[in-house]
Amino acid sequence: MTASRIDGKAFAARLRERVGAMAAEFAKQAGRKAGLAVVLVGDDPASQVYVGSKGKATLAANMESFEHRLPDDTGEAQLLALVEQLNNDDAVDGILVQLPLPDHLDEQAIISAISPDKDVDGFHVINAGRLSVGQNGFVPCTPLGCMMLLTDRLGDLSGLEAVVIGRSNIVGKPMAQLLVDANATVTIAHSRTKDLPAVVKRADIVVAAVGRPEMVKAEWLKPGATVIDVGINRLPPAEGEAKGRLVGDVAFGEASEVASAITPVPGGVGPMTIAVLLRNTLVAAYRNEGLTVPDSL
Ligand code: NAD
């Protein structure tokens, strides 16, 4: 069997286009554009790139982008004051504080200060709680993007066996919750799981969110499984390469011979994250204006 590639890049491009068209409608209805504020502290090069691309994508989706770039030595009180100002700004529907923050800042304290109704990353404990009890809130962008790819591919997930490898608050746990809510039978595997290959072998759906290059092997997979690879790992550069290749947590080539569908890295889950962030921001904007969120969002 050769698996079909789940093209997250194309799916994300379509989602961004749809959100952009709906954001233009929102602006007509509300008399203002939806707005996303992104806060970056320090000069981490990867974070600079992410923040730059989030800003561009926001503008391209007919929304306002507010960027706040603060120096590395910004104090907690100063950052909390900015968050408070954004919480009270009616032009701002979503607030995203780019992680990781410099070591002297307490990430949990900063995230807790964001209004849960503007927490479009879905990292606030209120939103984690809403997800776990089935209330409307914001779901972290990466697992929600994975879920969109899965339901697009498989339709109804009822009764399917799903194994999520990884139990982080931003990917593994919310991913498992979304799968349970979709009536899958879910196992969360992690660094202490015994005989991981045997656990993975049960799965109709495998979501790998570990951060270990090509850890999941073809022989671990049940033939015909659908594989979502969240991992982004850079290999050391081979001879003659300036930068090492990007690979996922799944050995893509060999896994493609056993799975029925699989996301590549890059071009799978990665592009979904920003697209879902834009979607969450537009949802926030509808809610903040007291308007009904369109079903198609
Ligand atoms: P994390 O480090 O917070 O969590 C990793 C998890 O993997 C932990 O729960 C740990 O128990 C588990 N784990 C570690 N070693 C293991 C092993 N040998 N066997 C089984 N489980 C093991 O990571 P995270 O933030 O959840 O991210 C996971 C990966 O996903 C990373 O590669 C990250 O770069 C990537 N990621 C991608 C996106 C995106 O595509 N936009 C977003 C977030 C994270």
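Position 1 is the first residue of the sequence; numbering continues from there.
- A distance-only check finds no donor-acceptor pair linking the side chain of Glu214 to the backbone of Gly248 [under 3.5 Å].
- Listed for the Thr263 side chain is no donor-acceptor partner under 3.5 Å among the backbone atoms of Gly268.
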Please test Asp119 against Arg130 for salt bridge (Lys or Arg N to Asp or Glu O under 4.0 Å), starting from the C-alpha separation and ending with a verdict. CA-CA 12 Å; Asp119 167 42; Arg130 285 170 173 164; over 6 Å; no
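- A 4.5 Å side-chain heavy-atom check between Gln48 and Asp43 finds at least one atom pair inside the cut-off.
- Panel note: side chain Arg18, backbone Ser296; a donor-acceptor pair is recorded below 3.5 Å.
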Step-by-step salt bridge (Lys or Arg N to Asp or Glu O under 4.0 Å) determination, Asp204 to Lys222: CA-CA 7 Å; Asp204 304 303; Lys222 174 172 168 179; 2.8 Å; yes
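- Judged purely by atom type and a 3.5 angstrom limit, Arg279 uses its side chain to pair as donor or acceptor with the backbone of Leu297.
- When only modelled atom types and interatomic distance are considered, Thr2 and Ser256 share no side-chain donor-acceptor pair under 3.5 Å.
- Annotation for Ala23 and Asn62: closest pair CB-O, 4.0 Å, computed over non-hydrogen atoms.
- In this structure, Arg14 does not pair ionically with Glu17, as no charged nitrogen and carboxylate oxygen lie closer than 4.0 Å.
- Residues Asp181 and Leu131 share a closest heavy-atom pair of OD2-O, 4.0 Å.
- Of all non-hydrogen atoms in Lys118 and Asp89, the two that sit nearest each other are NZ-O, 2.9 Å.
- Although no hydrogens or angles enter the test, the distance criterion places a donor-acceptor pair under 3.5 Å between the side chain of Glu254 and the main chain of Ala218.
- Minimum heavy-atom separation, Gly145 to Val276: CA-CG2, 3.7 Å.
- Side chains of Phe66 and Leu36 form no contact here, defined as non-hydrogen atoms less than 4.5 Å apart.
- Between the side chain of Lys54 and the backbone N or O of Leu277, no donor-acceptor pair lies under 3.5 Å.
- Nearest heavy-atom pair across Met147 and Met175 is SD-CE, 3.8 Å.
- Atom CG of Leu101 and atom CD of Glu76 lie 9.5 Å apart (nearest 0.5 Å).
- A donor-acceptor pair is defined here as one N or O able to donate and one able to accept, closer than 3.5 Å; no such pair exists between the side chain of Asn169 and the backbone of Val125.
- Remark: side-chain polar atoms of Arg287 are paired, donor with acceptor, to backbone N or O of Gly137 under 3.5 angstrom.
- At a threshold of 4.5 Å between non-hydrogen side-chain atoms, the residues Met63 and Phe26 do not count as touching.
- Distance alone, capped at 3.5 Å, places no donor-acceptor pair between the Asp249 side chain and the Met215 backbone.
- In the hydrophobic cluster analysis, where Ile, Leu, Val, Met, Phe, Trp and Tyr join through side-chain heavy atoms closer than 4.5 angstrom, Val210 is grouped apart from Leu235.
- The closest side-chain donor-acceptor pair between Asn288 and Asp117, if any, does not fall under 3.5 angstrom.
- For the pair Arg153 and Phe11, the NZ or CZ position fails the cation-pi test of under 6.0 Å to the six-membered ring centre and within 45 degrees of the ring normal.
- Side chains of His190 and Ile165 form no contact here, defined as non-hydrogen atoms less than 4.5 Å apart.
- Grouping the Ile, Leu, Val, Met, Phe, Trp and Tyr side chains by contacts below 4.5 angstrom, directly or via other members, places Ile274 with Phe138.
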Let me see the working for Arg69 and Glu67 under salt bridge (Lys or Arg N to Asp or Glu O under 4.0 Å), right down to the final yes or no. CA-CA 6 Å; Arg69 292 174 186 256; Glu67 267 181 36; 3.1 Å; yes
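- Annotation: side chain of Leu157 is in contact with side chain of Ile205 (closest heavy-atom distance under 4.5 Å).
- No side-chain donor-acceptor contact under 3.5 Å links Glu64 to the backbone of Val92.
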Please lay out, stage by stage, how Ser158 and Asp156 fare under the test side-chain hydrogen bond (donor to acceptor under 3.5 Å, both in side chains). CA-CA 6 Å; Ser158 288; Asp156 184 9; 2.9 Å; yes
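- A 4.5 Å side-chain heavy-atom check between Val38 and Ile95 finds every atom pair outside the cut-off.
- Counting heavy atoms from C-beta on, the side chains of Asp121 and Pro140 never come closer than 4.5 Å.
- Counting heavy atoms from C-beta outward, Thr226 and Leu150 have side chains that approach closer than 4.5 Å.
- Smallest separation of non-hydrogen atoms from Gly94 and Thr281: N-CG2, 4.4 Å.
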